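Each remark here refers to the structure printed beneath this line.
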Amino acid sequence: MIPNPGPLLYEGKAKRVFKSIDSDDEVVVEFKNTATAFNALKKAEFEDKGRLNCQISAYLFELLEQEGIPTHYLGLMSDSWMGAQKVEVIPLEIVIRNVAAGSLCRETPIKPGTNLSPALLDIYYKDDSLGDPLLTEERLERLEVINHQEKNEIENLARTINRLLTAFFVEIDLTLVDFKLEFGTNHEGQIILADEISPDTCRLWDKRTSDPKKRILDKDRFRQDLGFVVDAYGEVLKRVQGACAKPRNYR
Ligand code: TMP
Ligand code: ASP
């Protein structure tokens, strides 16, 4: 079923955001089948990816809400659509790393697979035209995107989310290697978790195999041309589904 949303507000690489016809404080988000990597240098379509990411995100947002984390998620509308609170997106990407992988290993001598306890929190400036640069503490301060108190609030939320998600994924035999979060401010001025939490934005390794390629169940399958992208996302949804109650519907 394709919902009947209001006008398109914004189209990103993996989602479209529409006005809600019911409320000015709400939006309708469509998850696309498009996958991009390396700042969209690499791009492909994967049948069913939108549905899988939408469903996985819905389960994870609900799980976090039950633990007191404020999120933009309001409910599922159909397979690949969800209702969400409208937010002013804070142009930062908060990356939490539990195990060294990806850019951390390209940019530093830290070896892939190194345990990073306590988790490493990296903040990037969200701007594709600048290539989403990694920020230093002082650069973040100079940008004046968030004040000191908001920075503390976002970091505390991100670390709590990491604790909750890591524990949840362990139960379903997945290692949460690293992931990216985005936050926004809702109409009440509250900072809430926005965007998505899915294999597009997390690295997830299957604990049921030690094969370094087979264990990858996230967008690295696309980044590294490993194939079976949708199968991997499907396996993540299957395990998440098996451990959670069905997500609520939007309206
Ligand atoms: P990185 O190793 O490329 O820095 O990525 C760290 C984590 O953040 C990884 O789980 C993928 C996620 N991520 C995004 O969701 N969007 C992005 O644009 C980037 C660069 C990373
Ligand atoms: N999402 C980013 C892009 O589209 C980077 C990535 O996830 O690798 O380019």
Side-chain angles (χ1 to χ4, degrees), residues 10-17 29 31-46 49-50 52-54 56-57 60-61 64 71-72 89-116 119-136 140 154-155 157-159 161-162 164-166 168-169 174-184 193-206 212 215-226 229-230 232-233 236 240:
Y10 166 82
E11 176 154 7
K13 293 188 290 256
K15 292 184 290 300
R16 289 188 192 94
V17 180
V29 183
F31 286 67
K32 303 198 290 187
N33 286 335
T34 312
T36 63
F38 312 115
N39 207 5
L41 277 176
K42 191 169 171 176
K43 191 172 174 185
E45 293 292 309
F46 291 98
K49 188 198 73 124
L52 293 164
N53 279 352
C54 179
I56 293 167
S57 291
L60 297 177
F61 280 136
L64 291 174
T71 84
H72 73 154
V89 175
I90 297 168
L92 298 174
E93 299 197 347
I94 315 298
V95 170
I96 298 251
R97 303 175 190 275
N98 296 307
V99 178
S103 69
L104 179 66
C105 303
R106 283 198 307 275
E107 295 164 2
T108 74
I110 300 173
K111 297 261 181 306
T114 305
N115 197 299
L116 299 171
L120 176 63
L121 190 152
D122 284 330
I123 302 183
Y124 296 81
Y125 185 56
K126 182 178 159 66
D127 184 333
D128 282 343
S129 69
L130 298 173
D132 296 342
L134 176 62
L135 295 175
T136 60
L140 176 58
I154 287 172
E155 289 188 349
L157 280 170
R159 289 199 185 273
I161 292 166
N162 184 40
L164 295 167
L165 290 182
T166 297
F168 170 72
F169 281 123
L174 296 173
T175 302
L176 180 59
V177 172
D178 58 26
F179 62 106
K180 185 252 322 182
L181 299 174
E182 293 183 25
F183 293 87
L193 179 63
D195 196 48
E196 66 181 278
I197 312 175
S198 74
D200 266 12
T201 61
C202 302
R203 285 196 172 90
L204 293 165
W205 290 352
D206 187 358
R215 72 181 176 186
I216 295 173
L217 296 180
D218 56 67
K219 198 160 83 171
D220 270 349
R221 297 209 73 82
F222 171 60
R223 296 191 189 95
Q224 299 175 29
D225 295 315
L226 299 174
V229 175
V230 172
Y233 286 37
V236 172
V240 169

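No experiment lies behind these values; they were computed from the predicted model shown. When a ligand or atom number is given, it counts from 1 through the structure's own listing order. Numbering starts at 1 and runs along the sequence shown.
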Check: So which bit of E93 gets within less than 4.0 Å of ligand 1, heavy atoms only: side chain, backbone, both or neither?
Finding: side chain
Check: What's the spacing between F169 CZ and L60 CG if we round to 0.5 Å?
Finding: 4.5 Å
Item checked: N-O pairing of D178 and R203 below 4.0 Å -> yes
Next item on the list: Using modelled atom types only, decide if a donor and an acceptor are shared between the side chain of K49 and the backbone of D200 within a distance under 3.5 Å.
Entry: no
Note to self: Which of the numbered atoms in ligand 1 are under 4.0 angstrom from any heavy atom belonging to R223?
What the structure shows: 11 (C)
Notebook entry, point to check: Name the residues in contact with ligand 2, where contact means a heavy atom under 4.0 Å away: which are they?
Noted result: K13, T36, A37, F38, N39, A40, K219, R223
Note to self: Using a 4.0 Å cutoff against the non-hydrogen atoms of F179, which atoms of ligand 1 qualify?
What the structure shows: 10 (O)
Margin query: Could you measure the distance from the CD atom of E93 to the CG atom of L134? Nearest 0.5 Å is fine.
Written below: 11.5 Å
Margin query: Suppose we screen for salt bridge (charged side-chain N to carboxylate O under 4.0 Å, His left out). Which residues come up paired with E11, at least two apart in sequence or across chains?
Written below: R16, K32
Note to self: Please list the nearest protein heavy atom to atom 16 (N) of ligand 1 with its residue and the distance rounded to 0.1 Å.
What the structure shows: K180 CE, 3.7 Å
Notebook entry, point to check: Do T166 and N162 meet the criterion of a side-chain donor-acceptor pair at a distance under 3.5 Å?
Noted result: yes
Note to self: Would you say the ring centers of F46 and Y233 fall short of 6.0 Å from each other?
What the structure shows: no
Notebook entry, point to check: What distance do L92 atom CG and D132 atom CG have between them, rounded to the nearest 0.5 Å?
Noted result: 10.5 Å
Notebook entry, point to check: What do you think, any protein heavy atom under 4.0 angstrom from atom 14 (C) of ligand 1?
Noted result: yes
Next item on the list: Answer yes if a protein heavy atom lies under 4.0 Å from atom 20 (C) of ligand 1, otherwise answer no.
Entry: no
Note to self: Counting non-hydrogen protein atoms only, what is the nearest one to atom 4 (O) of ligand 1? Give residue, atom name and distance.
What the structure shows: S103 OG, 2.6 Å
Margin query: Side chain or backbone, does R203 bring an N or O within less than 3.5 Å of an N or O on ligand 1?
Written below: yes
Item checked: Atom NZ of K43: over 12 foreign heavy atoms under 6.0 Å -> no
Next item on the list: With rounding to the nearest 0.5 Å, note down the distance linking CD1 in I94 to CD1 in I154.
Entry: 5.5 Å
Check: Donor-acceptor pair, N98 side chain versus A119 backbone, under 3.5 Å?
Finding: no
Note to self: For the 3.5 Å polar cut-off, considering only N or O atoms, please tell me whether D178 and ligand 1 meet it.
What the structure shows: yes
Notebook entry, point to check: Which of the atoms of ligand 1 are close to G102, meaning less than 4.0 Å from one of its heavy atoms?
Noted result: 2 (O)
